[in-house]
Amino acid sequence: MSVALTVSALSGQQWVIRADGAQLVRVAKAKLQESSSIPWREQRWISGTTELRDDDALCDFVADQSTANVSLIRRDPEQAKWLEVVEGSWISLQEAPWEVRSDARVILAAMAQDTMALWFATPDLMEDLDFVRSAVRLRGWGQLRGLPEAFATSVRAGELKTTADAKLALYCARHFDSPDLEEAVLSGRIIEKASLNERIGLVTALAAASSTPGNLRRLLHDACRQDVQDAMCESIVRVLPMAVEILSFWSSAPASRGAMDAAARGIKSFFGGIFRGNEKQMAQIAAGSNGPPLDPGDFAVATFRTHAEELHKATSHQLFASLVAHLQEAKLPQDSALCCSLVRACLAREMRAEAQSAFARCADGSQDCAALAVEVEMPLTVLDGHPHRAVMLGAIIRLW
């Protein structure tokens with residue numbers, strides 16, 4: 001059956017192409033490319049509210065009609081380029097910039113080849129429920145999509161085959177608010193068999209799903225300080241309890257792994273690895289899937305900045321006290337906003353020594369810092385050796 005397709009661009013321009021109803025949409029797009037010079041990968045065809053998939057047959061949406069109308073939306077050329085790249089090799093995403101790894105279409109196209117490609121999805125993308133639903137369908141878990149209890153039972157029965165499955169299941173636990181599913185993942189064979197790098201890669205997923213203190217230790221029980229630091233990324237900063245927990249865990253972790261422990265880990269990885277193909281390469285990808293790691297001091301400062309308003313509340317006293325202990329060891333930037341907020345939060349809890357230490361380290365010589373010193377009656381001895389001592393003393397005296 002021959003079909004006359006009228007393709008309308010947002011600009012008002014139209015093209016009419018003829019195609020066989022049995023042909024794939026991508027073939028019809030290639031015909032439009034010949035007459036419009038728009039690369040077929042940059043074409044998105046919309047019929048009503050539905051986007052036509054490249055591998056659909058035209059007859060799937062035109063039925064018995066001899067004519068049909070579709071709207072054309074131009075895809076970003078960078079996205080089109082990466083769709084072509086992953087079609088050739090999904091593992092090529094390891095070279096993709098972070099914004100490409102945040103593109104649902106690119107990740108789903110890669111997952112259509114191998115669901116292990118989910119490791120390339122950024123934490124921000126995993127927070128998108130529509131994306132997670134699409135990934136669940138690709139993985140073949142569609143019937144479990146809205147039934148976390150049934151899903152948890154299936155997980156315990158061995159539904160998870162890879163650590164990429166574990167990542168997806170933890171985000172399902174987050175989106176469906178299912179502690180049972182989270183527990184099923186953490187207590188399953190996949191986590192038991194996973195390499196340390198794979199488990200580091202799961203920390204962000206755990207942070208999104210978990211409200212249970214101690215679950216981080218279950219995931220990184222054999223990690224040293226550097227391993228824990230590899231998991232300290234911006235996406236963890238957003239989850240205050242997990243950010244404080246990972247700082248505490250970093251402080252108590254051994255400085256390094258012993259030689260025998262490292263050897264045993266290598267043997268386990270060689271004989272019991274979960275990843276297919278180049279395991280070392282994929283384990284590195286897993287560990288880097290959280291995003292660039294932060295220095296523990298920078299991580300502590302970023303956590304305070306992000307949650308300053310919440311940390312000023314009395315209900316956050318325990319979290320704040322724990323975070324301040326890490327800030328005491330951090331190299332604080334000289335910044336008036338940080339200085340004022342941190343000093344006031346300390347004084348609200350009568351932590352005067354910590355307030356003085358914070359002022360001495362991050363006061364930047366500004367008028368705001370001078371006004372704060374007067375307001376809270378900061379002893380001038382905190383300025384001994386301060387790079388802005390003369391300027392600050394002058395401003396303080398004027399304010400007095």
Side-chain angles (χ1 to χ4, degrees), residues 102 104 107 111 115-116 118-139 141 144-194 196-221 223 228 230-249 274 286-291 303 306-307 310 319:
S102 298
I107 298 299
M111 286 184 66
T115 54
M116 291 297 288
L118 185 72
W119 272 118
F120 290 110
T122 64
D124 283 344
L125 181 57
M126 296 302 301
E127 288 291 336
D128 183 336
L129 177 57
D130 289 337
F131 170 78
V132 169
R133 288 185 183 278
S134 296
V136 163
R137 285 193 293 270
L138 268 176
R139 185 58 188 84
W141 296 343
L144 302 170
R145 185 172 54 187
L147 301 171
E149 293 79 10
F151 198 175
T153 300
S154 296
V155 167
R156 292 190 184 95
E159 179 73 33
L160 304 185
K161 306 302 181 187
T162 68
T163 45
D165 286 352
K167 175 179 178 177
L168 181 56
L170 283 172
Y171 275 101
C172 287
R174 178 256 186 277
H175 287 292
F176 300 130
D177 191 21
S178 174
D180 284 349
L181 178 54
E182 177 193 347
E183 176 58 31
V185 174
L186 291 176
S187 59
R189 287 277 295 163
I190 286 296
I191 300 301
E192 180 184 336
K193 294 165 59 182
L196 178 58
N197 274 342
E198 292 170 299
R199 286 180 277 122
I200 289 171
L202 289 171
V203 169
T204 297
L206 178 66
S210 185
S211 58
T212 307
N215 277 348
L216 178 68
R217 188 171 297 276
R218 295 171 65 184
L219 203 59
L220 301 182
H221 57 87
V228 179
D230 287 343
M232 290 183 179
C233 59
E234 185 179 333
S235 54
I236 304 294
V237 166
R238 301 172 195 164
V239 186
L240 178 57
M242 182 62 77
V244 172
E245 183 177 356
I246 201 170
L247 282 166
S248 299
F249 189 50
I274 297 166
S289 65
N290 297 320
T303 299
T306 302
H307 301 283
E310 182 177 352
L319 286 171

Open item on the list: Contact between Leu160 and Arg189 at the side-chain level, heavy atoms closer than 4.5 Å - yes or no?
Closed with: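 Result no, sub-4.5 Å side-chain heavy-atom pair not found.
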
- [ ] May I ask you to test the Trp119-Ile107 pair for a side-chain heavy-atom distance under 4.5 Å?
- [x]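 Result no, sub-4.5 Å side-chain heavy-atom pair not found.
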
Test item: [X] side-chain N/O and [Y] main-chain N/O as donor-acceptor pair under 3.5 Å:
X: Arg199; Y: Leu219; answer: yes
X: His175; Y: Asp130; answer: no
X: Asp124; Y: Ser102; answer: no

Gap between atom [atom2] of [Y] and atom [atom1] of [X] - 0.5 Å precision:
X: Cys172; Y: Met126; atom1: SG; atom2: CE; answer: 7.5 Å
X: Ile236; Y: Thr204; atom1: CD1; atom2: OG1; answer: 3.5 Å
X: Arg238; Y: Thr303; atom1: CZ; atom2: OG1; answer: 12.0 Å
X: Asp128; Y: Ser134; atom1: CG; atom2: OG; answer: 8.5 Å
X: Ile191; Y: Leu202; atom1: CD1; atom2: CG; answer: 5.0 Å

Give the minimum heavy-atom separation between [X] and [Y], together with the two atoms involved.
X: Ala169; Y: Leu181; answer: O-CD2, 3.5 Å
X: Ala121; Y: Lys167; answer: O-NZ, 3.0 Å
X: Leu240; Y: Leu319; answer: CD2-CD1, 3.8 Å
X: Asn290; Y: Pro123; answer: O-CG, 3.8 Å
X: Leu138; Y: Thr115; answer: O-CG2, 4.5 Å
X: Phe249; Y: Leu220; answer: CZ-O, 3.1 Å

TODO: Tell me, please, which residues at least two apart from Arg218 pass side-chain contact (heavy atoms from CB on, under 4.5 Å).
DONE: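 Expected list: Glu183, Leu186, Ser187, Asn215.
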
Open item on the list: side-chain contact (heavy atoms from CB on, under 4.5 Å), that's the test. Do Glu182 and Leu206 meet it? Break it down for me.
Closed with: CA-CA 8 Å; Glu182 177 193 347; Leu206 178 66; 3.7 Å; yes

TODO: Look at Arg174 together with Glu127 and state whether they make a salt bridge at an N to O cut-off of under 4.0 Å.
DONE: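 Answer for the salt bridge query: yes.
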
Task: Those residues that, when tested against Asp165, pass side chain to side chain donor-acceptor pair (under 3.5 Å) (two or more places apart) - done: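 By the side chain to side chain donor-acceptor pair (under 3.5 Å) rule, Asp165 matches Arg139.
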
TODO: Let me see the working for Ile190 and Val185 under side-chain contact (heavy atoms from CB on, under 4.5 Å), right down to the final yes or no.
DONE: CA-CA 8 Å; Ile190 286 296; Val185 174; over 6 Å; no

